[in-house]
There are 2 protein chains.
Amino acid sequence: MRVDGRPGQVTGSDDTSDEAWEIPLVALAVDLAVLTVRDGALQVMLVERGIEPYRGMLALPGGFLADTTEDVDRAAARELAEETGLDAAGLHLEQLRTYGEPGRDPRGRVVTVCYVAFVPGLAAPTAGGDARAAAWTPVDAVLRPRAELAFDHKRILADAVERARSKLEYTTLAATFCAPEFTVTELRQVYETVWGQELDARNFHRKVTGVADFLVPTGTRTSGQGGRPAALYRRGPAHLLHPAMLRPPGPKPPAASRTS
Amino acid sequence: MRVDGRPGQVTGSDDTSDEAWEIPLVALAVDLAVLTVRDGALQVMLVERGIEPYRGMLALPGGFLADTTEDVDRAAARELAEETGLDAAGLHLEQLRTYGEPGRDPRGRVVTVCYVAFVPGLAAPTAGGDARAAAWTPVDAVLRPRAELAFDHKRILADAVERARSKLEYTTLAATFCAPEFTVTELRQVYETVWGQELDARNFHRKVTGVADFLVPTGTRTSGQGGRPAALYRRGPAHLLHPAMLRPPGPKPPAASRTS
DNA sequence: TCAAAAGTGTTTAACATACACCCATGA
DNA sequence: TCATGGGTGTATGTTAAACACTTTTGA
C-alpha cells in the first residue's frame with residue numbers, strides 16, 4: 001500500500017491479499033439542519049438551489065468539502081457561515097448521521113455527513129453570504145406528506161427534528177434556542193413548540209428553576225407587557241438535565257421519522 | 001455540472017459560480033465496534049492488522065467500500081461478515097458517528113463511518129472468514145491509559161462504549177447481548193457488566209418483568225445449578241424501555257469518553 | 001378594580017430504593 | 001436440613017401531575 005503524490009489519494013491492497021486495487025473514492029458533502037424557534041413554530045433554514053439537480057427546489061444548506069484536506073466538522077461550520085451568515089462559534093452544532101445510499105444523488109456517488117444546529121430565534125433572520133435565498137421555514141410545512149425537498153433532505157430533516165425533540169428531554173439545549181437573557185415562560189414556549197404540546201406552566205417553572213446550574217438569575221426583570229414582570233435568566237454551565245424533562249405521553253406532534 | 005462516465009465520479013461548479021472545479025474525493029471506510037458480554041466483562045472484537053500502517057497492532061474490524069456503488073450500511077454488514085464471521089441479519093447494528101479528521105490515517109484522506117453492533121455472548125467466539133486474527137478483548141484492557149489501538153480506534157471504541165451504556169437506559173437492547181432464551185439474572189448481569197455497578201436483584205426483577213412487551217415468558221425454567229430454577233424469557237417486541245432504567249449515581253465505571 | 005401573567009403551596013399518584021421474607025432446587 | 005439462588009411484599013423517599021391560590025404589573 002502506498003500514498004500518491006496527490007493529497008488524499010490512496011491506493012492499496014486488501015488486508016488479505018497482496019493484489020493491488022484502486023480504493024474507491026467518493027464525493028463527500030456536509031449538510032446542515034439549522035433549527036430555531038420563531039413565531040411559535042419550529043423552523044429550519046432552507047436555501048433555494050441555484051443549479052441542477054433539483055434547481056429551484058428547496059434544500060438544506062450544505063456542500064462538498066472545499067478540498068481533500070478539509071476537516072469534516074470544519075466544513076460544516078464553513079458551510080453554515082457561507083450559506084446562512086451564521087457564525088458557528090458559540091452556537092450548538094452536532095453531527096447527526098451520515099447518509100450514504102448509492103442512489104441519493106443523481107450526479108453520482110455522494111455521501112453526506114449531516115449536522116444539526118440549534119440557534120436562537122433572533123439570529124440572522126435571513127442569510128447574507130453566498131446563498132441564493134436562505135430563509136426560515138416552519139418544519140411542519142416541510143414535513144407535510146406532499147411537500148418535497150431536494151435529494152433525501154426531507155428524511156434528514158425528519159431525523160434532525162426527532163433528534164432535537166429527544167435532546168430537550170435530557171439536556172439543557174432548549175436554552176440555545178433562546179436569546180442570551182430569557183424568561184422561564186420563553187423557555188417553556190421552546191419546549192411546547194418543539195414538542196407540539198402544552199406543558200403546565202407552574203410545574204415547569206418549579207422544575208426548571210430547581211435544576212442546579214441550568215438557569216442563572218440575572219437579577220433583572222421584564223417589564224411592560226401586562227401582567228407580573230418575569231425574572232430574567234442566562235444559560236448556566238449545566239449541559240445534562242437531571243432529573244430529565246420527559247415528554248408527556250399522548251397526542252404525538254405532527255410528522256417525524258424514527259431513528260434507531 | 002456533469003457526471004463522468006466513471007461511476008461515482010462527480011465534477012461540477014459551486015452553487016454560486018459557474019467556474020468548474022474538481023470536486024474533492026475521499027476514501028470512505030467503515031469501522032465496527034462489535035460489543036458483547038462474555039465472562040463477566042464487556043468485550044470488543046479486535047483484529048490484528050496484517051498490513052501497514054499499524055501492521056501488527058490491534059484495530060477495530062473494518063475496511064474501505066468495495067466499490068463506488070456500495071451502500072455504506074451494506075459495507076458495514078459485509079465487513080462484519082468478512083472479518084468476524086457474524087451475520088448482520090438478526091443482530092443489532094447501528095451507525096455511531098463519522099470520523100473525518102484529515103490526519104487520522106497516515107496514507108492520506110480517509111473518512112470512516114463507524115457502527116456499533118451488539119451481539120450475544122455465545123456468538124462466534126473467534127472469527128472464521130477473512131480476518132488474520134479476530135478475537136474478543138475486554139474493553140477495560142483496551143481503554144486503559146497506556147493501551148493503544150491503530151488509528152483513532154481507541155477514541156471510537158470509547159464513544160461506542162458510552163453509546164452502549166446509555167442505550168441500556170432507555171431501550172431494550174440489553175437483551176441483544178443475551179442468548180435467544182435467557183433468565184432475568186442473565187439480563188441483570190448484562191446491565192451490571194456494561195455499567196460496571198451492581199444492581200439490586202430483587203428490584204431489577206420486578207422492574208424488568210413489569211415493562212410491557214420487554215420479556216416474553218417461554219414457560220420453561222432452568223435447572224441444575226443449585227438454587228431455585230429461574231424462568232426463561234425471550235425478547236419481546238418492545239424497543240423502548242418505559243419507564244427508563246436509570247444508571248444509579250455513584251462510582252463511575254472505568255474509562256470512557258464524552259460524546260456530545 | 002379587573003385582567004393577565006408570574007410564581008408558590010398542597011395533594012395525590014407513580015416510581016425508586018432498601019431490605020425482610022418466602023420459594024424451590026441440589027447436595 | 002442447609003446452602004444457594006429465584007422471586008414477592010412492604011415501608012419509605014423522591015419526583016411528577018393537577019390545580020387552588022397568591023403576587024405584581026398595566027389598563
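Letters A, B, ... mirror the listed sequences (proteins, then strands); counts begin at 1.
Counting any heavy atom pair closer than 4.0 Å across all strands shown, A:A231 reaches sugar-phosphate atoms only and no base atom. Using a 4.0 Å heavy-atom distance criterion, B:S223 is classed as making no nucleic acid contact.
Comparing A:N203 and B:P243, the nucleotide of DNA chain C nearest to each residue sits closer to the 5' end for A:N203. Between B:A244 and B:G227, the residue anchored closer to the 5' end of DNA chain C is B:A244, taking for each the nucleotide with the nearest heavy atom. Nearest-nucleotide positions on DNA chain D place A:R202 closer to the 5' end than the other of A:R202 and A:P229.
Considering only side-chain N and O atoms, B:H205 lies under 4.0 angstrom from the phosphate OP1 or OP2 of D:dT8.
Atom CD in A:E198 sits roughly 15 Å away from atom C1' in C:dA5 (whole-Å rounding). Distance A:F204 CZ to D:dT15 C1': 16 Å, rounded to the nearest Å. Between the CD atom of A:Q189 and the P atom of C:dA6 there is a distance of 8 Å, given to the nearest Å. If you take CG of A:D200 and P of D:dT15, they are 18 Å apart, rounded to a whole angstrom.
Taking 3.5 Å as the limit, the base of C:dG9 and the side chain of A:R206 contain a donor-acceptor pair of atoms between them. Taking only distance into account, the side chain of A:R228 never meets the base of C:dA5 through a donor-acceptor pair shorter than 3.5 Å.
A salt bridge does not link B:R144 with B:D140: every distance from a Lys NZ or Arg NE/NH1/NH2 to an Asp or Glu carboxylate oxygen is 4.0 Å or more. Using a 4.0 Å cut-off between charged nitrogen and carboxylate oxygen, B:D31 and B:K154 do not count as a salt-bridge pair. Between B:R163 and B:E169 there is no salt bridge, since none of the side-chain N atoms of the basic residue sits less than 4.0 Å from a carboxylate O of the acidic one.
For the pairing with A:L32, the side chain to side chain contact (heavy atoms under 4.5 Å, CB included) check across A:V116, A:L96, A:L93 returns one residue only, A:L93.
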